[in-house]
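Note on naming: letters A, B, ... go to the chains in the order of the sequence lines (proteins, then strands), and numbering restarts at 1 for each one. The basis for the numbers below is simple: all heavy atoms, side chains too, and nothing from hydrogens, waters or symmetry mates.
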Amino acid sequence: MEWFPRPPKPSWSSSAFSAVRWDPTVGRSSLRPSTAGRPTMPSPDATESTPQPPYTQPPYTFEPTTDSGLLREEFGELAEGTETGRQATIAGRLMLRRVQGKLAFGTLQDSAGRIQLFAPSKETPRFTAFCDLNLGDWIGVTGEVMTTRKGELSVKVQEWTLLAPTRRSFPDKWHGISDPDTRFRQRYVDLWVTPESREVFILRSRVISLMRRWLEDRNFMEVETPIFHPIPGGAAARPFTTHHNALDQELFLRIAPELYLKRLTVAGLERVFEIGRVFRNEGISPRHNPEFTMLELYQAYADYSDMMELVENLVTFLALELHGTTSLQYGGRDIELAAPWRRATMEELIAEHAGISIDLSTPIDELRSLAEGFGIPVKPSYGPGKLILEIYEKTTESALWGPVFVTDYPKEVSPLSRDHRDKPGYTERFEAIVAGRELCNAFSELIDPVEQRARMEDQVAQRDAGDDEAMVVDEDYLRAMEYGLPPTGGLGIGIDRLVMLLADVPSIRDVVLFPTLRPEQI
RNA sequence: GCGCCUCUAGCUCAAUUGGCAGAGCAACGGACUCUUAAUCCGCAGGUUCUGGGUUCAAGUCCCAGGGGGCGCACCA
């Protein structure tokens, strides 16, 4: 994605992340108002004796005819000293300025990149005021497209206007901002001084756009379901709570859209998807933000094998569209995303990585002592399925580089998944692990309302036993199921983690525009 | 929640065994008609995160608190 000319400084590859640019030990501070006077912005009590050009109200609109990217596309290969005779109007932020006396150069940044401004005093109106512009000011410029004697493509400043002054000091024009706290809190500064940061969010936007298109091409219909849930459900997580005054009712911010989307499958919408925010009242870490974005989709008449094919094909498509290849790097390590991905059962993978052979027929005492041997705090309520899952997560999951589909989860830990067609006690559920992280969770959906009620009641028992992430009984969902949920494959993908993978960044805060932080004391 | 690290000018960073708190960029004043982080001269800029303590003397050492980063726990 060469929309931005990279300055010759340390790259932002993930290895440079912590070592060079994002060293967490570097200083912190906040951008404070510039105390310097602004000649273009006299204070209210400035007198008429102030020898500065009068501040004029910026225009309400401005109409650029082109941008830096289009200019580079059209005029990128001009020889030195070319005068094209073509006029251009561009707008953006002044990022650099080099005044030579009667000749000035500037660097303008717009959403497509940067381009040089060429301002000779003989042709640039209000030349002194132009030279007095501050870094960060928004300006609009009209003039001839040309190249300098050194061959730099430029727009000659033959007309210009101040669109908005900046009243705060520009960050270091070479180093930008490196303090992570400032980058997250003042993302508006980070985005225009850190090209790599913009690149990540542009990539994120493209991921979601491409995903929509891909799903729509396969006859999936996008829907929106409630974010306020009277009963939290569809995942195991603590919810945020809120209150509706007129109804005088407690409401929960959704932890997953799952149960509403499956109601729509009952309704006959055979292929639905939703891309939206979900909220989980859990810890914050480089891989967890309390609000994050999920893609969930449901496909009638499909099972979990179909979901595996869908995931690997979708991710392959995204990698090819965004990078032109499925051979990527993450954190300096190679990863091959081309379909098909490996499929292996949880127990096979435990055998590979922990060197132990266990399954649901293993005596529970043996499972308990194995788990304790791995340092897992075992609760008495844990059955064999939960113990196997705990052992998998402790010994195996983070060691999987993948991509790999981890299949056949124990029924005990999968309250919404359908029984495995061949293996009693297991479900047709899988997670895809890529770069040691869960990318998605999917299953052949449980369609039997009697079985679903039993599973929900079991969850309630676990909740009563102290598990505050266990689900509760959702009577309306059970009623919907009683009308008949067809065989259905369902899938949830964490968009943030997918973007982290595709953008090769190490923290979820690098892909969330405004991550959750403690309030700043200003 | 626990542990480790960190916080100095608007930004990026210095400050030796505890000994006058500094530089570059930005800003401000000046010089300069082909620069590319322009260059050169000058000026100004500080609650060293906060509050205690030790000391003749604290950015530096100690205690408590706050923000942030990372790890652990949690998060299927």
Does A:Arg280 put a side-chain nitrogen or oxygen below 4.0 Å from OP1 or OP2 of B:C74? no
Just how far is it from atom CD1 of A:Ile115 to atom CG of A:Leu153, taken to the nearest 0.5 Å? 4.0 Å
Would you indicate what A:Glu469 reaches in the nucleic acid, counting non-hydrogen atoms under 4.0 angstrom: base, sugar-phosphate, or nothing? sugar-phosphate
Between B:G71, B:G10, B:U33, which nucleotide gets closest to the side-chain atoms of A:Pro286? B:G71
Looking at RNA chain B, which of residues 399-406 of chain A put a heavy atom within less than 4.0 Å of it? none
Over how many whole Å does the gap from A:Trp174 atom CH2 to B:G10 atom P extend? 24 Å
Flag as yes if A:Phe170 stacks onto the base of B:A26 (centroids under 5.5 Å, planes under 30°), otherwise no. no
Return each pair, listed once, that meets salt bridge (Lys or Arg N to Asp or Glu O under 4.0 Å) where at least one residue sits in residues 398-408 of chain A; pairs must be two or more places apart or across chains. A:Asp408-A:Lys423
Tell me, please, which residues at least two apart from A:Phe105 pass ring-ring contact (aromatic ring centres under 6.0 Å, His included). A:Phe118
Contacts of A:Arg86 that satisfy salt bridge (charged side-chain N to carboxylate O under 4.0 Å, His left out) - sequence neighbours left out: A:Glu74
Using side-chain hydrogen bond (donor to acceptor under 3.5 Å, both in side chains) as the criterion, list what pairs up with A:Ser68, not counting sequence neighbours. A:Asp110
Gap in Å between the two C1' atoms, one belonging to B:U8 and one to B:C49, rounded: 10 Å
Quick one: which of B:C13, B:C11, B:C34 gets closest to the side chain of A:Ser178? B:C13
Among residues at least two apart in sequence or on other chains, which ones pass ring-ring contact (aromatic ring centres under 6.0 Å, His included) with A:Tyr382? none
Closest nucleotide among B:G10, B:C13, B:U36 to the A:Ser169 side chain: B:G10
